[in-house]
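What follows is one structure encoded as structure tokens, with my remarks underneath.
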Amino acid sequence: MSATVAASGKRGRPAGPGAGKRRRKPDVEGEPARAKVGTKKRPKLSEEISSDSEPESPEDTRKKEEEDEELEETAQEKKLRLAKLYLEQLRQQEEEKAEEEAFGDDQVAGRLKEDVLEQRGRLQKLVAKEIQAPVVTDIRVLRGHQLSVTCLVITPDNSAIFSGAKDCTIIKWSVESGKKLHQIRRVKKGAEGQAPGHADHVLCMAISSDGKYLATGDRNKLILIWDTDTCKHLCTFTGHRDAVSGLAFRKGTHQLYSTSHDRSVKAWNVAENAYVETLFGHQDAVMALDGLSRESCVTAGGRDGTVRVWKIPEESQLVFYGHQGSIDCIQLINEEHMISGSEDGSLALWGLSKKRPLTLQQKAHGMRGEEGLEQPYWVSSVTALLNTDLVASGSHSSFVRLWQCSEGFRKLEPLWDIPLVGFINSLKFSSTGDFLVAGVGKEHRLGRWWQVKDAKNSVCIIPLRRVPPAAAAGS
């Protein structure tokens with residue numbers, strides 16, 4: 001016990017021989033391995049601090065640390081550091097691009113918003129006030145049909161026009177040059193070994209939204225399907241019991257709607273060459289039909305005095321009343337509004353949620369006849385620039401009239417009159433609104449009640465010029 005206590009009391013002295021000895025490091029260059037007790041260890045030069053020297057700045061310290069790290073980093077660490085620098089450069093470049101494309105992103109967002117509004121039927125671009133008075137000398141007249149032009153369509157890319165006429169022919173025109181690109185000639189009824197074509201008046205036509213298919217209907221109860229590029233005949237749909245008077249493709253699909261003087265509405269699948277179904281409801285010959293992206297279509301009921309909206313999946317219909325005479329033409333403005341024309345000379349603007357017109361424009365093209373025996377000019381055609389407030393109507397009053405749908409589609413205001421002599425049997429705006437195309441004839445497309453002798457059976461391209469939106473707003 002006493003030995004142990006003594007050992008702990010004396011520093012560095014072992015209790016017995018060999019006991020509690022510690023291993024000593026070998027002396028280096030004659031210096032003792034341990035400093036003597038009571039002596040101070042000299043500081044290294046790198047650790048000396050002088051009160052007279054200036055303190056190192058943070059920047060110098062950081063540079064010194066980076067240099068030390070570069071000296072000490074391995075090859076793998078160097079690769080990692082360079083990769084991080086490269087990623088940082090890419091991030092900066094992407095940020096710069098994002099700033100440059102901010103305007104483009106705004107345009108995309110605006111386009112998406114337009115698409116949503118279009119699907120809901122609420123899109124309305126205000127372009128009517130931007131349209132300048134058309135110049136008569138700018139109108140191009142394309143001659144090729146021997147009899148009255150009855151119908152026409154414009155390809156989705158606005159590069160070509162298809163027109164049909166009472167001479168049973170179909171002509172494809174170049175918009176740029178005005179030349180014929182192709183002609184589908186008349187065929188004789190019952191004759192064998194001849195190229196496909198129509199044997200009676202071509203009354204209506206429609207083109208699919210992708211520009212792949214052209215559908216044409218005639219007074220011989222037939223619907224013919226054509227390839228728009230080659231004008232090659234693809235198939236024929238039969239089933240109507242009277243003249244086919246209206247055709248429309250559902251937008252974004254190859255589903256085709258047709259109507260006829262047999263009072264029916266039929267649905268077809270062109271891509272599969274198939275008949276789908278038939279709907280009935282009109283009490284007289286149906287004169288016209290139109291459709292957009294919804295699975296529904298609208299029809300003008302002729303002398304039964306009704307406009308009907310057909311809901312194809314539900315096999316139901318909505319009936320609208322407003323005109324006093326036969327309703328001969330109809331066109332959808334968007335998914336919620338449409339315009340129709342009648343032989344009583346009136347134009348009606350409709351909302352699909354109301355059974356009566358939002359506005360009814362009487363004597364839209366004026367009056368004709370001797371004093372005391374005046375009658376209004378029939379409205380023989382209408383069209384609309386899709387999802388805008390611009391519409392057009394035609395008659396045989398020697399002009400095409402442009403209208404603005406104002407006050408939230410509750411009023412029709414005339415804008416400009418475009419001189420054109422003859423029956424305006426068909427009207428179509430280009431998808432961009434840069435031009436309007438009119439199908440002109442000496443006679444009405446459905447009969448021979450009058451004949452305008454000075455008229456020329458032709459397709460007329462009417463350029464539409466616009467003033468800047470700011471100037472239009474100021475006016």
Side-chain angles (χ1 to χ4, degrees), residues 143-153 161-173 180-208 213-228 230-249 256-270 273-276 278 280 282 284-289 299 302 328 380 423 425-426 439-451 457-459:
R143 300 289 305 277
H145 290 288
Q146 302 301 314
L147 297 177
S148 297
V149 177
T150 57
C151 54
L152 58 85
V153 293
I161 300 167
F162 287 91
S163 61
K166 287 187 175 183
D167 60 10
C168 312
T169 63
I170 299 168
I171 298 178
K172 182 180 181 181
W173 309 86
K180 287 184 187 179
L181 299 178
H182 197 277
Q183 182 170 358
I184 301 170
R185 299 186 180 278
R186 176 182 182 175
V187 299
K188 294 182 179 180
K189 284 184 181 180
E192 297 181 358
Q194 55 185 343
H198 289 282
D200 211 333
H201 298 178
V202 182
L203 298 180
C204 54
M205 59 174 53
I207 192 167
S208 59
Y213 297 113
L214 173 72
T216 56
D218 64 18
R219 209 168 64 171
N220 196 31
K221 314 170 191 176
L222 300 178
I223 301 171
L224 275 61
I225 307 298
W226 311 85
D227 182 285
T228 55
T230 62
C231 293
K232 179 183 177 182
H233 177 253
L234 300 177
C235 63
T236 299
F237 291 145
T238 60
H240 281 295
R241 300 180 179 180
D242 207 335
V244 180
S245 54
L247 291 168
F249 277 96
L256 177 68
Y257 304 126
S258 66
T259 193
S260 165
H261 290 179
D262 65 7
R263 310 178 186 183
S264 70
V265 174
K266 292 182 183 292
W268 316 81
N269 189 321
V270 174
N273 190 14
Y275 160 78
V276 179
T278 302
F280 293 95
H282 279 290
D284 205 287
V286 187
M287 298 299 178
L289 174 145
T299 53
D328 294 338
S380 53
F423 277 90
N425 289 319
S426 185
V440 184
K442 292 179 178 289
E443 302 169 349
H444 192 282
R445 75 182 184 102
L446 297 175
R448 304 188 65 183
W449 300 286
W450 300 280
Q451 190 174 71
N457 301 318
S458 59
V459 172

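We number each residue from 1, following the sequence as shown.
Contact annotation: the side chain of Cys151 approaches that of Val202 to within less than 4.5 Å [non-hydrogen atoms, C-beta and beyond]. The closest side-chain heavy-atom distance from Leu224 to Ile184 is not below 4.5 Å. The shortest side-chain heavy-atom distance between Lys172 and Leu214 does not fall under the 4.5 Å cut-off. For the pair Asp328 and His444, the minimum side-chain heavy-atom distance is below 4.5 Å. The shortest side-chain heavy-atom distance between Leu289 and Ser258 does not fall under the 4.5 Å cut-off. You'll find the side chain of Phe249 reaches within 4.5 Å of the side chain of Val270, heavy atoms only.
For Trp173, the ring-ring contact (aromatic ring centres under 6.0 Å, His included) test picks out no residue, with sequence neighbours left out. Partners of Ala243 by side chain to side chain contact (heavy atoms under 4.5 Å, CB included), not counting sequence neighbours, listed by chain and number: Leu203, Arg219, His261.
For the side-chain contact (heavy atoms from CB on, under 4.5 Å) criterion with Phe162, the lone passing option out of Leu152, Ile171, Thr228 is Thr228. When each of Thr216, Thr169, Asp167 is tested with His198 by the rule side chain to side chain donor-acceptor pair (under 3.5 Å), just one qualifies, namely Thr216. Each of Glu443, Gln146, His201, His145 was scored for a side chain to side chain donor-acceptor pair (under 3.5 Å) with Lys166, with one residue passing: Glu443.
Listed for the Asp227 side chain is no donor-acceptor partner under 3.5 Å among the backbone atoms of Leu234. At distances below 3.5 Å, at least one donor-acceptor pair connects side-chain atoms of Thr259 with backbone N or O atoms of Ser264. At least one donor-acceptor pair under 3.5 Å links the side chain of Ser260 to the backbone N or O of Asp242. For Thr150 (side chain) and Gly164 (main-chain N/O), a donor-acceptor pair under 3.5 Å exists by modelled atom type. A donor-acceptor distance shorter than 3.5 angstrom exists from the side chain of Asn425 to the backbone of Arg445, with no hydrogens or angles considered.
In this model, a donor atom of one side chain and an acceptor atom of the other lie less than 3.5 Å apart for Asp262 and His240. A side-chain N or O of Lys266 and one of Thr278 form a donor-acceptor pair less than 3.5 Å apart.
Listed here is the closest heavy atom pair of Lys221 and Asp218: N-OD1, 3.2 Å. Contact detail for Ser163 and Val149: the closest heavy-atom pair is CB-CG1, 4.4 Å.
Between the CG atom of Asn220 and the CG atom of Leu222 there is a distance of 5.0 Å, given to the nearest 0.5 Å. To the nearest 0.5 Å, atoms CZ (Phe423) and CG (Asn457) are separated by 12.0 Å.
Note on ring orientation: taking the six-membered ring where Trp is involved, the planes of His233 and Trp226 are perpendicular (angle over 60°, cut-offs 30° and 60°).
The neighbour count for Lys232 NZ, taken as heavy atoms of other residues, nucleotides or ligands under 6.0 Å away, does not exceed 12. Arg143 CZ: more than 12 foreign heavy atoms inside a 6.0 Å radius.
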